[in-house]
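Shown next, in C-alpha cells, is the structure this report addresses.
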Amino acid sequence: MLTIAVHHIGFFSFSEPLYFTSEDLSDVGLHFAHLATPLHSFRAALRSQGPLCILEHFDTAYSVLKHFQAVDIGVKEDTLELLVQVVNGLSVSLPALLLSTSLSAVDRKQQLNAVKMAVFLLCKLSEHLESDSYRQSIVTAPSKGGKKSRLANEDRLQWDTERTPVLQALTQLLQLDIRTLWSLSLVEEEFVSCVTCCCYKLLENPGISLVKCKPSRDAIIHLLGVMVKKYNHLLGASVKVIQLLQHFEQLSSVCAQAVSVWSTEYSVKAIVGEVMREIGQKSSEELSREGSGVKAFSCFLSELSTLVPDTMILNISVLLTHLEGESYSMRIAVCEVLGEVLVRVLSGDGLNESGRADRDRFLDTLQEHLHDTNSHVRARVLQVYTRIVNSKALPLCRYSEVMGLAVGRLLDKSINVCKNAIQLLAAFIAHNPYSCKLSSADLMKPLEKEMTKLKELRDKGKAKAPVAVIAAGELWAAMEPELLLTAKAELEPPSEGESDGDEEEEGAGREMETEETDRATAVQIAQFLRVNKYRQAVRLCVRAHAVFPQSPLFSALSSPTTESVMDTLALLFKGPEQDTPQTEEEQPAAPQEEGEAQDEAEESELKKQEMLVQYLRDTESFALQVEKAIAVINTMLYWKTTSVVQEAVQFCVTVCEFSVANSLSGVRRMLPLVWSTDTAVKEAVVQAYRRLYLNPQGDTIRAKAQTLVDSLSELMVDASLGTIQCLEEIVLEFFGGGSSLSASVVQVLWERFSGKQGSSALHRRAAVLLLGMAARAEREVVLSNLDTLCSVALGEKVTEDFLLARDAVITICSVTDHNKPSKDAPVFRLPQDHQLFTCLTPAIAEGVVMTDPHWQSFMEQAVRLIYFLAESPDQICSHLLQRCSHLLLDQITEGGEGSQEAGQSQGGSQGDEEEGAQISCVSLAQLLALCGSVAFWQVSHLERSVSVELRRRRGEREEREATGPSSKAKQASNESCVEEELGLVGASAEDTEAELIRKICETELLAEENLLSAFLPLLVRVCSSPGRYSHPQLTTSACLALAQFMMISPSVCEENIRLLFTVLERASLPVVRANTIIALGDLTVRFPNILEPWTQNLYARLGDESPSVRQTAVTVLTQLVLKDVVKVKGQVSEVAVLLIDPLPHIASLALNFFNELSGKDNAIYNLLPDIISRLSDPERGMKEDDFHTIMKQLFSYITKEKQTESLVEKLCQRFRTAKTERQWCDLAVSLSLLSMCERGFKRLQECWECYSDKLTETGVYQPLLSLTARMRRGAKPQLKSQVEDFEKKLTAVHTKGLENIESEETEERREGEEAQSVCTTRPLTKGSRRPTRGRNSTSCNDGDLVTPKPSRRTRRKTCITFSSDEEDDDAVMTENETPKVTTPIARSSRRTRLRH
C-alpha cells in the first residue's frame, strides 16, 4: 500500500508515493467551497513546472472527485481541462526520458507517480462525468417544449463532446513504452484495472452503439486494444466481454467490432479464441435461464463472423456443441458463422484436402439443420444458403441435393420458412451453371443420345484393352520365400519313417521319364511352380540333373545346394534376364508409339464424354427441381399471406427473366391478382408486369417497341379469356400513361396484324387484341385504321380464318360507348351502309352453310358489335336472318336434288346421304344459334341503348321546357311542385319508359309479322324431340337459342320453362345440361318469380354424374345465392356434399361458396340444422368420414358464443326425434365439432335428458368425451371442475347404463331422506312422504324396465325451432319434418328399445 505523507499547508502534498487506492485517499481533500484558488494555482504550476506539477496539486483534483456532486460545472470543466493537459504533457515529455540512459531512480519514481496520479484522476473523473451525464439524460428527457430542454442542456457539461479527447489523450500516453518506469517492467494490476474499468464504464452507456457516438466508441476500442496488447489484459478483456454481453444486449455489435479490431489491428488473434471458448463452455441449462444473454451471444457471434471469419475457423469446434443444445438462438448463430466461413474462407477451387473436408462437413451440418425443430433456425439456414449461392460458394455436386431440400421447405408450416425457401430457389436460378431454358423433357433425348455414345466408347475400350498379365518376375518374388523353405526341407536328408516323399519322387521320375528333352522337363517344372506344387518342382529339378547332366539348363546342379536349386528354378521360371531387352529391340518402335498415342486420344475422348453425360444428368436433375418448384410456387400465388404472395410474384419474375422453361405459367397465373383487394399484392403484380414487359431493352425506340410487342404477344398466345381481361388492365395503364414508346408500339402492332412482318396467325391475333386494348385508352388507334381492320380481317379471306375475324370484331367493340356510356352525349354509331357492316353481313351468312368450328364464336361477337355500333341494328339483323335462311334452304334443296340424281344414276351411296344430312344439321344448328343471339341482343338493345336514348331525349326536353319563358311552363312547374317534392316526376317517367320496353318485348318482338316468331316453333320442336333431332351440335344450339328466346318476355318463359327443365334432367349430353344451367341462371335473374318453384331442380344438378355439369351448377348457384337472387334453403346441403368431391377444383368451388356465404349474417348458422338432418338421413347413406369432413368445415364458420349456445340446444333437442343410432352418432359428432364456450357447456348440461339414454353407444359417448377433453385445456379452475364432473357422469352412464345410475341416485336420495326423518323430532305424516324414484320390485321382468316419471312438475314442452335467434318468426318444424314415431322422454333400457 502507498505510504503518503500528508502536510497541512493549505493543500495536500505527497512524498515518495508508490501507488495508491481510493481507500488510501479517502481522507485527502479540500472543502468544495475553497477549490477556486487551488485550481488557479494548479493552472499556474502547470504552466511553469509542466506535468510534474500533479505531484504537488493531486489533492486539488482529488477534492473535486470527492465533492463531485457539490462542485460547480465550471470547476469540473477546469479540472478536466487541467488533467487532460497533464496527460498530454506527459505524452510529450516521456519519450525522451524513456530513451535516456541517465535517468536516476528518483526521477523514475517521480515520473511513475505523475503517470499514476494523472491516469487515476482522469479515469475517475471520466467515470463520474459519465454517470452524471447518464443521470441527467434520464431526468431531463426530451419534451415537446424545446425551451425548457435547452435551458437544462446549458446547465450541463457537454461531456459527449469531451469524451473523445480524454480517451485519445489516455491512448497516446499508454501507447508509450512506460512499462520501463516500473521495476522489472511489471505493471501493477491496479493500474491496468483503473484504465480498463473506466473504458468498460463508458461502454455501458446505452447510446454508445449509436452513429453519433462512433468517435467515442472507436477511441474506447483502441484504448482497450493498447491495454490488451501491451499490458497483458487479454484474459481480463475476454471475461469482461462475456460479462458485458450478459448484461447489456445492445453491446453485441460493439463487442464484435472491438474483438475484431484487437485481433486485426493489434495482432492479438488469441482474443477471438478466448471469447469463443468462453461462449462455447456455456451449458444449455445456463443459456436457458433468463438474463443469460443468449440473444447477445448469438448477435455477437454472427457479427464477429462477418468481420474475422478466417480467425474464427481455428476455434469453431468449440461452438459446434451448441448445435445440439436447446437454445435456438445459439443454433442460429453457429449456422451463420458456418455460412460466413464457407463464403469468405472455404470457397474457391484452391482449397487443399483439409479445407475441402471442412467445407463438406460444414455443408452437411447446415443441411441437417434445414430440418431443425425450430422454424427460426430453418429460416435462417435457408438465408445462409441463399448467401452461399449468391456468392457462388456452393459446390456444383451439391446443387441438386440442396435444391431438393429447398423445394421441400416450400410446404413448411412456417410462413417465414416458405418465404426464405422461395428466395433460395430464386438465387439458384439466378446463379445456376446449367441451361434452364430447356425443360427436362427436352433434355431427355440429348441425354439418351450421349449415354449411348458413352456406352459405345466404353465397349470399344474394353474390346481393345489387353489382358492383364502379371510379369514372371513379380510372381517369382511372391513365391520365393515359400519356395526357399521347401527347397531347404527337400535337400535335407529324409527321415526313416517318411514314405510320402519317396512316392512323390517316383511320380516325378515317371513324369520325367515320359519326357524326351530337357526343355520339356523345364516346362514341366515351371508348370509345377505356377500351380504351387513347390515340392514336386524341387525334386524334379534335382533329378533332371542326373538325367540330363550336359544340359545347360541344369548344369548349375552339379553340387545340389539350396542356392543352386533356387538359381536353377529362377532360370527355368523367369528365363534369362537378357531376353527382355532383346525382344524389345526386336519390336519396331514406331507402331508402338502410334498405338499409345491412339490409346491416349481414345481415353481423352472417353473422359470428355463422361463429363458431358454427367453435365447433362446434372442439368436434367436441376430442370426437374425447377419444374417442381415452379409448380408449387404457382399455387402459393393465391395464399392469404401477403408477404408469401409477394415473394412468389418476385420468383415468377426471376424465372421469366432467365427464360426458364414453363416460366410463363406462373406469369399468367399471377395475372388475375391485378383485381386483388390487397393493395400490396396488386402493386406487386403490376410492378412485375411493368418490369417484364413494359420496360423493354434495346438500342433504339423501334427495337424496344419490337421487344415489347414480342413479349406481350407471347403472353397472349393461347391465353384464356380471363387472362386477356386481366392483361388488358396492365396494357391500358401503359398506353394511358403517356409512354414515349406507345406510338412505336402501335405502329409495330399494325404492321404485324397486316402481315408486313410475316407473322404467324397466332401472333396476328395477339396483335389485333393488343390494338383493342390500346383503343380503350385512345379510340383513334382503331377508328383511324378501321378500313384496314375490315380489309385484312373481314375481307374476302374472312372464311379462311374466323378466329382472326372474331378478334378483330372484339377490337372494334372497344371503341363503342358500351364501355363508358355518357348520359348527355348521344351514343356513337355508324351508318348501316358502312364498310364494316357490308363486310360482316356476308361473312356471317356464308359461314352458316360452312362447318367451321370457330364460326359460332365469330358470329356471336359480330352480332354483338352490330347492336353496339350500328344505327337500326334490328334491320341489319333482319336482313341477315333472311339471307341465312335462304342459303340454308338452297343448301337443303341442292342436297335433295343431288341425292335424287345419285339414286337415279345409282352412283350414290348411303354414306353420301348421311354426310349431306350431317351438313344440313350443322347448318341448321348454326342458323338457330344466330337466331338466339339476335333475340338476346335485341332485348339487350331495347333495355340498354333504347332506354338510355329515351332518357337522354327526355332530359333534353325537360331542359328546353325549363329554359322557356312561357307562362305555360311556369304554370306546369307550379302544378308539379308537389310531385317533385314527393320524387314522383322522374320515377313515373322512368316507369313509363320501362313499361314501354316491356310492352315491346311482350307484344312486338314475337308478333307474327316479326321474323323471330318464325323460329320459335322450330326451336320448341327440336328441343322436344331429342330422338328425332339427335345431332349433338343441333341439340346444343337449339336449347341455348330457346333459352335466349325465353329471355324476351315472361309469357314465353312460362310456356317453355317445363320443357327447358325436362332438357336439363333428361339430356344425354353433358354440354347440353351445362349450357341449360347457365341459361336458367340468366332466366332466374330476369324472371325470379317464374323460376322460384323450380329452384330445387337446379340444386339437383349438383349431384350430376358429369364433372362439368357439377362445376357449372355450383358456379351458377354461387352467383345466384350471393347476389340474393335465390333464397338460401335446405338444398344447400347438396353444395356441402361437393366439399368432398373427388375433383379438387369442384371441391374448391364449393369451399369458396361457403367462404362467401359466411360473410352474410347468420346464413350458415341458420342452415346448419337442416344440413345436418339431410346429410344424416339414412336414405342418403353417406359415409361417416365424409360426414365428419363436411361438418368440420361448416362448423369452422360458427364463431359467436350466442350461435354456439343456440346450436347446442338445437342439436340436443334433435336427439329426441332421431330414429337411428347413426343419426345419434352424427349429432354427437356435430356437438364435438363446436368450439364450445362456457355458456354452450352450461346449455349442454341442461339438455342432459335429451341424450343421456344414448350414451351407451360408443359413437355418441366418444365425441362427447373428446369435447370435454378439449374443454379442459386452458379452462379456468371452476369450469375445469365442472367439466371433470360432467366427464365422470358421461363415463358412468356409458359403462353402467342410465337405469343403474338413476337407481343408485334414487337409493342415495332415499337413504338421505330416511336419515333426515330420524333426526327430526316431528314425525312425517303419511301424505307428506315424498315418492321415491326408480324403485323397482324384484319380480319385474325386462319389459317393465321403464324409467318412472319424475316427481317434479312437468314443464311446458318447448317448440323445436331451427332458425336463427335474430329472426322474428321462428320456423316451426313442418309436418313432413316431424317423425311419426318419436323417442319417449321417459327412458327405457337399451334392450327394450331394440325389442321395439
Side-chain angles (χ1 to χ4, degrees), residues 422 630 633-653 655-656 663-695 711-737 739 766 769-770 772-777 807 810-811 813-814 816 818-821 1078 1081-1082 1085 1111-1112 1114-1125 1144-1160:
I422 295 174
I630 290 175
I633 294 175
N634 285 351
T635 62
M636 299 171 71
L637 287 169
Y638 291 89
W639 282 19
K640 295 181 180 180
T641 309
T642 302
S643 57
V644 174
V645 176
Q646 289 174 323
E647 290 294 340
V649 169
Q650 187 62 34
F651 176 83
C652 293
V653 172
V655 168
C656 191
S663 59
L664 280 180
S665 61
V667 175
R668 287 178 175 174
R669 187 175 176 85
M670 74 180 180
L671 190 53
L673 292 175
V674 296
W675 310 107
S676 175
T677 56
D678 193 332
T679 308
V681 173
K682 181 178 179 180
E683 184 64 23
V685 175
V686 172
Q687 291 296 333
Y689 272 86
R690 185 179 292 117
R691 174 178 166 184
L692 287 175
Y693 298 108
L694 304 182
N695 291 324
S711 56
L712 287 178
S713 299
E714 193 67 29
L715 193 62
M716 293 284 291
V717 170
D718 296 334
S720 62
L721 180 61
T723 302
I724 294 175
Q725 291 176 348
C726 298
L727 186 61
E728 187 174 0
E729 291 296 316
I730 297 175
V731 176
L732 181 62
E733 179 185 353
F734 170 76
F735 284 104
S739 174
L769 288 175
L770 290 171
M773 297 176 188
R776 285 191 57 190
D807 294 340
I810 293 174
T811 297
C813 277
S814 61
T816 60
H818 78 283
N819 290 324
K820 41 185 178 181
I1078 297 174
D1082 294 338
V1085 175
Q1111 179 179 352
T1112 306
V1114 70
T1115 304
V1116 170
L1117 286 171
T1118 299
Q1119 296 298 323
L1120 295 178
V1121 170
L1122 295 180
K1123 292 179 180 179
D1124 295 326
V1125 179
H1145 63 280
I1146 297 179
S1148 64
L1149 289 174
L1151 181 62
N1152 178 67
F1153 170 82
F1154 285 105
N1155 288 338
E1156 297 293 336
L1157 189 62
S1158 63
K1160 294 180 176 291

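Position 1 is the first residue of the sequence, and the numbers go up from there.
Taking CG from L712 and CG from L769, the interatomic distance works out to 12.0 Å, rounded to the nearest 0.5 Å. Put simply, SG on C726 and CE on M670 are 11.5 Å apart, with the number rounded to the nearest 0.5 Å. Here L1117 contributes atom CG and L1149 contributes atom CG; the two are 11.5 Å apart, rounded to the nearest 0.5 Å. Distance CZ/F735 to CG/L770: 7.0 Å, rounded to 0.5 Å. In this structure, OG1 on T1115 lies 11.5 Å from CZ on F1153, to the nearest 0.5 angstrom.
Looking only at side-chain heavy atoms (C-beta outward), N634 and C652 come within less than 4.5 Å of each other. A 4.5 Å side-chain heavy-atom check between V1085 and K1123 finds every atom pair outside the cut-off.
The two atoms that bring I422 and A648 nearest to each other are CD1-N, 4.2 Å, heavy atoms only. When all heavy atoms of T1112 and I1078 are compared, the pair lying nearest together is CG2-CG1, 3.5 Å. Residues A688 and V649 share a closest heavy-atom pair of CB-CG1, 3.7 Å. Pairing each heavy atom of T816 with each of C813, the nearest pair is OG1-O, 2.6 Å. The shortest non-hydrogen separation linking S814 to A775 is OG-CB, 3.4 Å. Nearest heavy atoms, V645 versus L637: CG1-O, 3.4 Å.
Every residue two or more places apart in sequence or in another chain that forms a side chain to side chain donor-acceptor pair (under 3.5 Å) with E728 is listed here: R776. Shown here are the side chain to side chain donor-acceptor pair (under 3.5 Å) partners of S643, two or more places apart in sequence or in another chain: there are none. Listed by chain and number, the residues in a side chain to side chain contact (heavy atoms under 4.5 Å, CB included) with E1156 are L1122, N1152 (sequence neighbours excluded). Shown here are the ring pair (Phe, Tyr, Trp, His ring centres under 6.0 Å) partners of Y693, two or more places apart in sequence or in another chain: Y689. Residues passing the salt bridge (charged side-chain N to carboxylate O under 4.0 Å, His left out) test with K1160 are D1124, sequence neighbours excluded.
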Given the rule in the side-chain contact (heavy atoms from CB on, under 4.5 Å) test, do M773 and I724 qualify, once you have shown the distances and angles that lead to the verdict? CA-CA 9 Å; M773 297 176 188; I724 294 175; 3.6 Å; yes
Give the C-alpha distance, both sets of side-chain angles, the deciding distance and a yes or no for side-chain contact (heavy atoms from CB on, under 4.5 Å) between S711 and L692. CA-CA 8 Å; S711 56; L692 287 175; over 6 Å; no
Could you go step by step and tell me if L671 and V667 meet the side-chain contact (heavy atoms from CB on, under 4.5 Å) rule? CA-CA 7 Å; L671 190 53; V667 175; over 6 Å; no
Residues 676-687 side chain polar contacts: donor-acceptor under 3.5 Å, at least two apart:
unit_1	atom_1	unit_2	atom_2	d
S676	OG	D678	N	3.1
D678	OD1	A680	N	3.1
D678	OD2	T642	OG1	2.5
E683	OE2	Q687	NE2	2.7
Q687	OE1	R690	NH1	3.2

